Structure formats: structure tokens, C-alpha cells
Amino acid sequence: MTDRPDPFSAPFGSLFGDSMTIAELAEGEYNYGGSAQPLENFSFHPATHALHYGSTCFEGLKAHRQSDGTLAIFRLDDHVERMRQSIGRLRMPVPESDLIRSLIIDAVEANADFTPNPPGSLYIRPTFIGTAPNIGAAAAPSDSGLLYVICSPVGDYFAGGIRPLTIYVETKVPRTTPQFGMVKSGANYVMALGPTLDAKRDHGADQVLFATADDITETGASNFFLIDDNRLVTRQLDESFLHGVTRDSVIKIAADLGYEIDERPLSPAELAAWTGEVFLSGTAAVVAPVGTVIVNDAPNTVGDGQPGPNTLKVREALTSLLTGDADDPHSWRTLVTG
Ligand SMILES: *Cc1c(COP(=O)(O)O)cnc(C)c1O
């Protein structure tokens with residue numbers, strides 16, 4: 001134990017628990033042996049479908065150590081359903097919810113003692129890949145696959161304190177395609193990578209906020225919010241972007257705190273004129289304050305450029321639900337033995 005690397009000093013996602021769970025898909029059926037096994041390398045044929053034709057998707061959720069020593073997986077069932085949705089949109093056989101649930105719970109139990117105390121957590125990565133060794137299957141789904149779960153002990157995403165982000169509003173290049181907006185897939189990430197690297201280089205931006213057709217949707221990996229003393233504003237759901245579980249948590253928590261919730265279209269012009277606070281949401285960073293928005297290549301400081309009180313209030317409320325410091329009115333925690 002003592003010679004394990006410290007998640008608080010390692011880069012996010014670079015450390016791994018020593019166990020994994022795997023279900024194999026063959027002839028339309030998923031088969032799971034029923035327990036975790038040691039984490040080890042896969043061996044694949046060079047023609048493996050996922051490597052050529054992108055038949056792959058993933059999830060990202062977390063388990064947090066509670067004050068009584070147990071672990072709580074946050075919003076397990078919501079992540080399970082989103083994984084099923086992604087796999088279905090890859091036109092692969094959709095696993096039963098209970099199978100994905102068991103793969104996640106068993107992986108978390110097997111890796112539980114890797115979980116650092118808050119603000120650290122165990123980041124959980126369910127993954128699906130199509131494994132058919134067939135480069136002729138360009139226009140066909142893979143007829144075999146692996147559904148597996150690995151875990152990564154992570155420290156505080158904001159090591160050294162919360163640093164407000166600079167976001168660049170991209171109005172020409174879309175994040176992804178209409179049919180893949182709701183799929184949590186590597187394909188979407190690699191599409192967003194070019195614009196993000198360009199905005200980093202040309203504007204010193206941390207993230208790109210995608211807003212083609214005058215319509216702000218989300219960044220490459222997080223959902224987008226405006227907040228002031230009275231209301232929370234975010235883009236209404238449709239198939240064009242990823243429905244973040246954190247987005248949904250933020251909306252419900254803000255409503256519980258008494259904010260008016262406004263889900264509607266948002267334009268870059270409205271963002272440039274906004275006098276309240278701006279933040280991003282996602283499982284990894286939870287709630288990330290934005291200090292500067294670059295609209296039409298012009299930087300606008302948000303408030304005084306520092307994390308605002310409403311953003312921090314929502315962030316605190318969400319964090320205390322993760323760690324068990326607050327009651328669980330929405331039944332979002334699934335307890336597993338640590
Ligand atoms: C995962 C992801 C998010 C955030 O979703 P959470 O469920 O809140 O972690 C947002 N946008 C994209 C594109 C994502 O892949």
C-alpha cells in the first residue's frame with residue numbers, strides 16, 4: 001500500500017486500480033464470469049473493428065469515500081442508462097442495465113482500497129469496444145465486443161486551488177455531427193481536439209465552447225451554464241449535445257437552492273453581454289468556474305475574473321452530496337463496501 005503512487009500528485013487518469021471487470025459479447029449475448037480479475041493488457045488482432053471503424057464508447061463516473069468508510073457511487077443508474085444509449089447508437093447489442101451495473105459495482109469493490117479520501121475519488125471508466133477482426137466490416141457493426149470497467153484513483157482536479165478557465169467561443173466548426181451528439185465516444189473527442197488545440201495556441205484558451213448557427217451547446221467535454229443571484233441558464237436538451245449527469249445534478253441542486261431554472265437557446269452575443277457568472281460542469285472537474293470568455297476573438301472578463309459566489313454555492317452543495325456530508329434527497333448515491 002505505502003509504495004503506491006499518490007493520486008494527488010499524479011496527472012488525472014494516469015493511475016489505475018489493479019482489478020477490472022469484463023463481459024464478452026459473442027453472438028448477440030454478453031457473458032460475464034461474475035467477478036473482477038486482475039487488470040492486464042489486452043491482445044488484439046490488428047484488424048480489430050474498434051481500431052479501424054470506431055465502434056467504441058465509454059462512460060465516466062466516480063465513487064467517493066464517505067465519512068463512515070464506505071464508498072458511494074454517484075448516480076450509477078444514470079450513467080448505466082447513458083452507456084446503453086451510446087452502445088445502441090453504435091448499433092451494437094444493448095446490454096441489460098443489471099449487467100453494466102454489476103460490472104461497475106464489482107470493479108469498484110475490487111479496487112476500493114485504491115480510493116483516496118475527498119477531495120480525491122475513484123474515477124470509474126466503463127468502456128465498450130467492437131472486436132471483430134474484419135477490415136471488410138466498414139459498413140457493418142462488429143459481431144463481437146468487450147464491455148469492461150477499469151478504475152483510476154484521482155486527486156483534486158484543481159490541484160493548487162480552483163483556477164478560473166478561459167473559454168473560446170467557436171462559431172464555425174461544429175463539435176461533432178448531428179447523429180453523434182449524444183454518444184459518449186472517442187470520435188467526438190478527436191473531432192473537438194483540433195479546434196481546441198488551435199484555440200489554445202491562438203488565444204490562450206483552456207477549452208472551446210461550440211456555437212455554430214448562433215447556438216451555444218457545450219465544450220468538448222463539459223456542459224455550459226450561466227448563473228446570477230436569481231437564475232440558472234443552460235441550453236435546453238436535444239440530440240445535438242451530451243446530456244451530462246453533472247448538468248442534471250446542477251439543475252436539480254440549483255432548483256433546491258431556490259434558483260429559477262431557465263433551459264433555452266443561448267447565443268454568443270448573449271454570453272458576451274452577460275453580467276453574471278459562467279461555469280462548466282462534468283464528472284471530472286464537477287463545477288469549473290469560467291473567468292474569461294472569448295467571443296468574436298475579443299476576450300471578455302466574467303465578473304472580476306474570479307470564481308463567483310453563486311458558482312461556488314452550487315459547487316459546494318454538489319460536493320457535499322458526493323462525499324455524504326449532506327442528505328441524499330434524490331437517492332443519487334449507491335453504497336458499496338469499501
Ligand atoms: C462526459 C461528457 C460531458 C459531461 O458529462 P457528465 O455526465 O457530467 O460527466 C459533457 N460533454 C461531453 C461531450 C462529454 O463527453
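All figures in this text were calculated on a predicted structure; none of them were measured in a lab. These values consider heavy atoms only, across backbone and side chains, with no hydrogens, waters or symmetry-generated copies. Remember, it's 1-based here, ligands and their atoms both numbered in the order they're listed.
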So is [X] polar-close to ligand 1, meaning N/O to N/O under 3.5 Å?
X: E218; result: yes
X: V245; result: yes
X: R82; result: yes
X: T246; result: yes
X: K184; result: yes

For this session: Using only heavy-atom distances, determine whether the side chains of Y259 and D228 contain a donor-acceptor pair under 3.5 Å.
Result: no

For this session: Flag this pair as yes if the NZ/CZ of R4 is under 6.0 angstrom from the six-membered ring centre of F114 and inside a 45 degree cone about the axis; otherwise no.
Result: yes

Exercise. Parallel, tilted or perpendicular for W332 and H330, by the 30°/60° rule?
Worked result: parallel

For this session: Answer with side chain, backbone, both or neither: which part of Y189 has a heavy atom less than 4.0 angstrom from an atom of ligand 1?
Result: side chain

For this session: Please confirm whether F58 and Y189 have ring centers closer than 6.0 angstrom.
Result: yes

For this session: Could you name the option among T283, D248, V250, N223 that has the heavy atom nearest to atom 9 (O) of ligand 1?
Result: T283

Problem set entry | Sub-4.0 Å atoms of ligand 1 with respect to non-hydrogen atoms of G220 | 13 (C)

Exercise. Would V208 end up clustered with F224 when hydrophobic side chains under 4.5 Å apart are linked, directly or stepwise?
Worked result: no

For this session: State, yes or no, whether a side-chain contact exists between Y148 and F42 at a heavy-atom distance under 4.5 Å.
Result: yes

Problem set entry | Sub-4.0 Å heavy-atom approach of R175 to ligand 1 | yes

For this session: Assess A284 for proximity to ligand 1: is some non-hydrogen atom of it under 4.0 Å away?
Result: no

Exercise. Which protein non-hydrogen atom lies closest to atom 5 (O) of ligand 1, naming both residue and atom, and how far is it?
Worked result: G244 CA, 3.4 Å

For this session: Name the closest protein heavy atom to atom 4 (C) of ligand 1, giving the residue it belongs to and the distance to 0.1 Å.
Result: A221 O, 3.8 Å

Exercise. Charged N to carboxylate O below 4.0 Å: is that the case for R235 and E218?
Worked result: no

Problem set entry | Lys/Arg-Asp/Glu bridge criterion (N-O < 4.0 Å) met for E277, K313 | no

